[in-house]
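Single-structure report; data block below.
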Amino acid sequence: MRRVSIISAGMTKFGEHWEKSFRELIVEAGVRALENANLEGKDIQALFGGCMASGTFIEQEHIGALMADQLGLNPIPSIRVEAACASGGVALRMGYLAVASGAYDIVAVGGVEKMTDIGAEDAAIALGGAGDQEWELFNGATFPALYALMANRHMKEFGTTEEQLAAVAVKNHKHGFLNPYAQFRNEISVEAVMNSGYVATPLKLLDCSPITDGAAAVILCASEKARGFTDLPIEIIASSQASDALALASREKLTEMKATKIAAAEAFKQARIDAKKVNVAEVHDCFTIAEILAIEDLGFFEKGYGGKAVEEGETALNSRVSVNTSGGLKACGHPVGATGVKQACEIFWQLRNEAKERQVKNAEIGLTQNVGGSGATTVVHVFKRGD
Ligand code: COA
């Protein structure tokens, strides 16, 4: 396998984009990524695009072809990747494998979703398709409800409190306040989270990621050629993915995501490091409990200690491990197909010392963890600042 690096990144602001179409979001993110490395469309040899549910959200399928067409990349192969909310992360992994295998030297990886063109109820149904439609959604279990079951179990087994869940949202809004690409750029307090209405007990409005429009893109290049495009390529030193049962009822435990544990173990083996070496991580906080599960299952903290770790500031900017400096899904927003690629953009900027006010000091190792559904897919990448 060849070594692979990211040489450029670009994204749109995440939020409600009433004034922009789906294709305009793709073009904005894609052109930014190309221009940042002085690349032209003809330099790209293949495109991998993450998108979860465009058919439901905007009645458009065949997203691979749309992306290549709108970005002027024809006739290169362009492949849509779907893995629910992990579509972007899995697209990144497909792009990584395509370059690592030697099939291509330079590929583009994109992610996009436009979720606000339909009503909240229809969006909840579209997102419910990421779980088990027959066993869960059909019986009324929406995504907040599924994660609420995990939160309740974690609270019962480990004494995690609603205030500790709230601390995740408070931290991520604090980070989002510093990120010009974030959907929510307002700080919130634990009291504000506690006083926001219940969506699915114990999860309240401010424990949830929002409905978001947005797109993100990165350009991958064989590491041996990367310095021809940028002085500071960021190497992907591990890429791993694991699967688990689609339905929550079929999982061994509600208090862990086995797919995350397996993908993390494999990623750390590939990267030849352990969790303690990670300086900055973008993890999948679709609900506050998801970030607590992630930081435990990735091995940053012991099982059961995640809530306390967040409450005590161990995951804040420039702490033991800076988690979700972008604002995470909670504050930066969660356009489902784009999120995994946005996570890579954020780590790229952090490791290049380009994250401005939200910069993690001396960040050398970064990690992304992107989850599909309620944990049926997890994809983990580890990144390293070049010498
Ligand atoms: N965090 C903070 N504020 C939020 C928010 C969130 N998650 N969601 C909505 N808001 C704000 C809106 O900006 C709006 O504020 P305004 O009145 O000042 O304009 C207000 O709350 C009401 O927004 P609205 O769009 O009516 O909310 P809603 O009740 O329709 O939807 C949720 C709220 C939580 C149900 C919805 O965001 C949701 O379903 N989130 C989960 C998404 C999901 O499951 N993703 C996949 C996970 S794997």
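Read the numbers this way: they start at 1 and go in the same order the structure lists the ligands and their atoms.
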Within-cutoff protein neighbour (heavy atom, under 4.0 Å) for [atom]:
atom	value
atom 48 (S) of ligand 1	yes
atom 33 (C) of ligand 1	yes
atom 26 (O) of ligand 1	no
atom 18 (O) of ligand 1	no
atom 3 (N) of ligand 1	yes
atom 8 (N) of ligand 1	yes
atom 14 (C) of ligand 1	no
atom 37 (O) of ligand 1	yes

Take a 6.0 Å sphere around [atom1] of [X] and say whether it holds more than 12 heavy atoms from other residues, nucleotides or ligands.
X	atom1	answer
F229	CZ	yes
K303	NZ	yes
K20	NZ	yes
E302	CD	no

Considering only NZ, NE, NH1 and NH2 on the basic side and carboxylate oxygens on the acidic side, decide whether R3 and E235 come within less than 4.0 Å.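 Yes.
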
Should K330 be counted as touching ligand 1, given the test is an N or O pair under 3.5 Å?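 Yes; at least one N/O pair falls below 3.5 Å.
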
Subset of ligand 1 atoms that lie under 4.0 Å from at least one heavy atom of [X]:
X	result
F143	44 (O), 48 (S)
F287	41 (C), 44 (O), 47 (C)
A120	30 (O)
C286	47 (C), 48 (S)
L127	42 (C), 43 (C), 44 (O), 45 (N), 46 (C)
F184	1 (N), 2 (C), 3 (N), 4 (C), 5 (C), 6 (C), 13 (O)

Under 4.0 Å, heavy atoms only, figure out whether ligand 1 is touched by the backbone of L205, its side chain, both or neither.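 Both the backbone and the side chain of L205 come within reach of ligand 1.
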
Between [options], flag the one that comes closest to [atom] by a heavy atom.
atom	options	value
atom 35 (C) of ligand 1	I211, V336, V199, T212	V199
atom 6 (C) of ligand 1	G372, C208, G375	C208
atom 40 (N) of ligand 1	P210, P144, S209	S209

With salt bridge (charged side-chain N to carboxylate O under 4.0 Å, His left out) as the test, would you mind laying out the steps for K330 and E291 before giving the verdict? CA-CA 10 Å; K330 172 68 205 77; E291 179 165 320; over 6 Å; no

Does at least one non-hydrogen atom of C85 fall below 4.0 angstrom from an atom of ligand 1?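 For ligand 1, residue contact (heavy atoms, under 4.0 Å) with C85 is present.
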
Salt bridge (charged side-chain N to carboxylate O under 4.0 Å, His left out), that's the test. Do K114 and D213 meet it? Break it down for me. CA-CA 4 Å; K114 190 150 198 334; D213 306 326; 3.4 Å; yes

Are the side chains of [Y] and [X] in contact, using a 4.5 Å heavy-atom criterion?
X	Y	value
W135	S250	yes
L165	K204	no
F57	C51	no

Under 3.5 Å: donor-acceptor pair, side chain of Q359, backbone of Q350: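 Pair found, side chain donor or acceptor close to backbone of Q350.
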
Tell me whether S209 contacts the main-chain N or O of F287 through its side chain, where contact means a donor paired with an acceptor under 3.5 Å.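 Checking the backbone N and O of F287 against the side chain of S209, no donor-acceptor pair under 3.5 Å is found.
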
